[in-house]
Structures are given as structure tokens and as C-alpha cells.
Amino acid sequence: MADISHPQPNVLSITGEIDLHESPHLKRAFEPLIKKKIPRVVVDFTQVSYIDSSGLAVFFEAAQRIKAYGGKLALYG
């Protein structure tokens, strides 16, 4: 199970596993950032222990949506 928090207005910090069951939660976590058109969205992966293809798909979709309004998505950890 993943825990998703916003330690800063443009940062998603994720802890745990991102799988088929957690991907919808991650997608919902991106929504407010995308709606506000945050110019730089940063995702902290330092505490992520596993990610499957459904989780990767969420990041690809978010990256495309962020790029569409001129923003950037950065991943680290």
C-alpha cells in the first residue's frame, strides 16, 4: 500500500508500493496539481519499494498532461 503526501505545494512524496490497486490513488493525487497548472511538478520516489506497469502508466499520462500546458514533471529518488 502506498502513502501519498504533498510536503510542498508542487511535490508528491510517495511511500511504499505503486501497483494496480494504488495507481488510481496516485492518479487522483496528480489532479489538483494539473488543474492548477503547477509549472514544475516533482515526485519523490526515495521511499518507493515497487512500481508496476499500471503505476508507470499514471506517470506517463501525468507527464503528457503537464507538458500540454507547458509544465514539467521531475522524478527523483
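Y50 is not connected to L56 by any chain of hydrophobic side-chain contacts under 4.5 Å among Ile, Leu, Val, Met, Phe, Trp and Tyr, and they are in different clusters.
The shortest non-hydrogen separation linking G55 to I51 is C-CD1, 3.8 Å. Heavy-atom minimum distance, L20 versus D52: N-OD2, 3.2 Å. Scanning all heavy atoms of the two residues, the minimum distance from I18 to S23 falls at CG2-OG, 4.2 Å.
Within the structure, the salt bridge (Lys or Arg N to Asp or Glu O under 4.0 Å) test picks out the following pairs touching residues 28-37 (sequence neighbours left out): E31-R65.
Taking CD1 of I14 as the start and NE2 of H25 as the end, the distance is 12.5 Å to the nearest 0.5 Å.
Between F30 and F59, the angle of the ring planes goes over 60°, which puts this pair in the perpendicular group of the 30/60° scheme.
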Result block: side-chain N/O donor-acceptor pairs under 3.5 angstrom for residues 69-77, not counting sequence neighbours:
| from | atom 1 | to | atom 2 | distance (Å) |
| --- | --- | --- | --- | --- |
| Y69 | OH | I38 | N | 3.3 |
| Y69 | OH | I38 | O | 2.6 |
| Y76 | OH | D44 | OD2 | 3.4 |

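For the side-chain contact (heavy atoms from CB on, under 4.5 Å) with L33, the lone residue among V43, V42, L12, V11 that qualifies is L12.
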